[in-house]
Enquirer: 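Below you will find the structure I want to go over with you.
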Amino acid sequence: MKRSVIVLLLAALLAAGCGGKSPAAATPDAGLPADAAAVAAERGLTPDDIYAAVKTYTPSGQLDPYIMIASGGQSGQLLVIGVPSMRILKVIAVFTPEPWQGYGFGGSSNDVLAGGDMANQELRWGDTHHPGLSETNGEYDGQFVFINDKANARLAVIDLRDFETKQIIKNPNANIDHGGTFVTPNTDYIVEGPQYAAPIGGDYASLDNYAEVYRGLITFWKFDRLTGRVDMARSFQIELPPYWQDLCDAGKGPSDGWIFCNSFNTELATGGVELGNPPFEAGTTKNDTDYMHIFNWKKAEQVFQAGQFDTVNGMAVIRLQTAIDEDVLYFTPEPKSPHGADVTPGGEYIVVGGKLDPHVTIYSFEKIMAAITAGGLDVDQYGVPVIPLDQSMEAQVELGLGPLHTVYDDKGYAYTSLFLDSAVARWTLGGPYSSLHAEEPWTLVQKLPVQYNIGHIAAAEGDTASPDGGYVVALNKWSIDRFANVGPLLPQNFQLIDTSQPGDQMRLLYDLPIGMAEPHYAQIIKADKLKAFEVYPEVGWNPETMSVDPNAITAPDQARVERNGNQVEIWMAVIRSHFTPERVEIKQGDHVIWHFTSLERTRDATHGFALSGYNINLSLEPGESQTIEFDAHTAGTFNYFCTEFCSALHLEMVGYMLVEP
Ligand code: RUQ
Ligand code: CUA
């Protein structure tokens, strides 16, 4: 029945000349079933609207073929969104405490958050920019996702078996990052690119000494898949000139082993508009070109392993001069204030968008290698060899105003966000991609307006070695008039675009308001690559160690309270619809260690544990174990209760904690 309605709708679309710009509402004579046509007519839906509805409508119980993992911007979190339904499935708590997940309110997540603290400052938010899914052979493998915190130069590791954050690591030598996270094709390293230059290690230095003391810094975090953690002892950094390095991408295929990063502020501007200096916006954009940074990371790894580094704050730093001497770093010019650097699926080209240039510039990895091999290169003011633009460039394509980021599909098209034009540009790749499309290589095919001010852009598997095509999502910074007025702070607008048809057939399908932050990048993975647990694999599972916790219990009759001096230790069983024990009687000043085990094996039978007056709130998913520790600082009568409506007698899932003065 459902299928036949769709067939009828599609027939109607054809009959109505779908794809045309006719504003005429569908009418019953268009061939729609009478009731559907009546709804369409009543709502004033055009054939284009009906097409978009049919492309995105996902009946209850049907699952999306793609999952988008989007940065959550200054919320500090990640978003999980189904594509094409554009339903928000989850917010993953990363840098910011989140009560629903019991994240940061007792339990092991407190340790995860504390792992990202600075020596003298607790950090409880982040500005997430670029999620990086783990890859095997340049393809998403669905195991992990990594995300940076631009505000504090931190990196987080999320395990996609339970979609929970396992590690936050503070970069000891940087205060800001941006060009991360992205991974090398087999996730050997998670790369965290820098942004605003600063003295390495963050010491004080006058801006008068900018050129001599301030530096850029790129970090290669070694990822250990077995432990699911970054290993700082096997990670290294490379000192860079104090240009402001921006987004980066890893080579693959022929360019595997190399990394490409944009930079701006090769002018070495230091601001000070209040002192009569040019403001940063003018000072950093004077030069016609900046430098793309070209790293041989496999060579850098050898340099690191050979011990050719200084240790700064416990971290190996390969000095700039060593990087130059060991052929680790090269430059090539890029037009005015570049932003995105995106390697093509086969690894042959790097596409760079210049914010103040109407073109994207396409660099050939083969040409770059030939220039390096030929040698005899001039150097920049810091001694880094510079490959002239005419020796590295393959093509330029004029797209429009404000090109930023580029993703790809399976038809040899590239999609570039045009911030100032508020449009998505579809254009053709050349070289080995020419046979995939009918158009001329390196030409603009279509510009689709989006609403408004698009920043990043994401495509189905669009930055992997084999993009899927079909969908692109425009991550728009402004929404202005797209949604009901909810006051001066407006949501962002994620717009789903249909890219299934070739040529100038891109269409806008759906608007998803994001009312929690300004997300930056997103990646879209095939849903069947994700193999998350339905319930934790065994009762007593500790999500921090991903194994059964030694303090877990397996039955309610093992629940108990033990006192040792003024330390009270509690082993609590949690199962519908009660906690065991239901009474905890302690004394003011006691130190309490409280272990929880959910004995549930039923999918979605999650319990919460909230303790009044003590800022404690856990989420106990089926099979999960957790431990909290606190001092009973306040005497009185307190309740603990379940915060998830888990059963008809959920309100009875409660207990008393009596703290005797
Ligand atoms: S940025 S809008 Cu952080 Cu990726 Cu380009
Ligand atoms: Cu357990 Cu409500």
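Hydrogens, waters and symmetry mates play no part in the numbers below; they use all other heavy atoms, side chains included. Both ligands and their constituent atoms are indexed starting at 1 by order of listing. All residue numbers refer to positions in the sequence shown, counting from 1.
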Enquirer: For N/O/S atoms only: which one belongs to His178 and is nearest atom 3 (Cu) of ligand 1?
Expert: NE2

Enquirer: Under a 4.0 Å threshold between the charged nitrogen and the carboxylate oxygen, would Glu534 count as salt-bridged to Arg603?
Expert: yes

Enquirer: Give a yes or no answer on whether the side chain of Gln77 reaches the backbone of Thr96 with a donor-acceptor pair at less than 3.5 Å.
Expert: yes

Enquirer: Between Asp421 and Lys447, is the closest basic N to carboxylate O distance under 4.0 Å?
Expert: yes

Enquirer: Can you tell whether the side chains of Asp149 and Arg154 come within less than 4.0 Å, N to carboxylate O?
Expert: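 Looking at Arg154 together with Asp149, the answer is yes, because their closest N to O distance falls below 4.0 Å.
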
Enquirer: What's the separation between atom CD in Glu544 and atom CD in Gln626, rounded to the nearest 0.5 Å?
Expert: 8.0 Å

Enquirer: Mind checking how many protein N/O/S atoms fall short of 2.8 Å from atom 1 (Cu) of ligand 2?
Expert: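 Total protein N/O/S atoms under 2.8 Å from atom 1 (Cu) of ligand 2: 4.
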
Enquirer: Only one of His178, His456, Gln195 passes side-chain hydrogen bond (donor to acceptor under 3.5 Å, both in side chains) with His129; say which it is.
Expert: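 Exactly one option meets the side-chain hydrogen bond (donor to acceptor under 3.5 Å, both in side chains) with His129, and it is His178.
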
Enquirer: Treating Arg601 as the side-chain partner and Tyr536 as the backbone partner, does any N or O pair qualify as donor plus acceptor under 3.5 Å?
Expert: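 It does hold such a pair.
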
Enquirer: Is there a donor-acceptor contact under 3.5 Å from the side chain of Tyr349 to the main chain of Asp342?
Expert: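 No.
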
Enquirer: Mark yes or no for whether Asp177, through its side chain, and Glu192, through its backbone, hold a donor-acceptor pair below 3.5 Å.
Expert: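 Checked: no pair found.
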
Enquirer: Protein N, O or S atoms less than 2.8 Å from atom 5 (Cu) of ligand 1, ignoring waters?
Expert: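 Sorted hits: His339 NE2, His405 NE2.
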
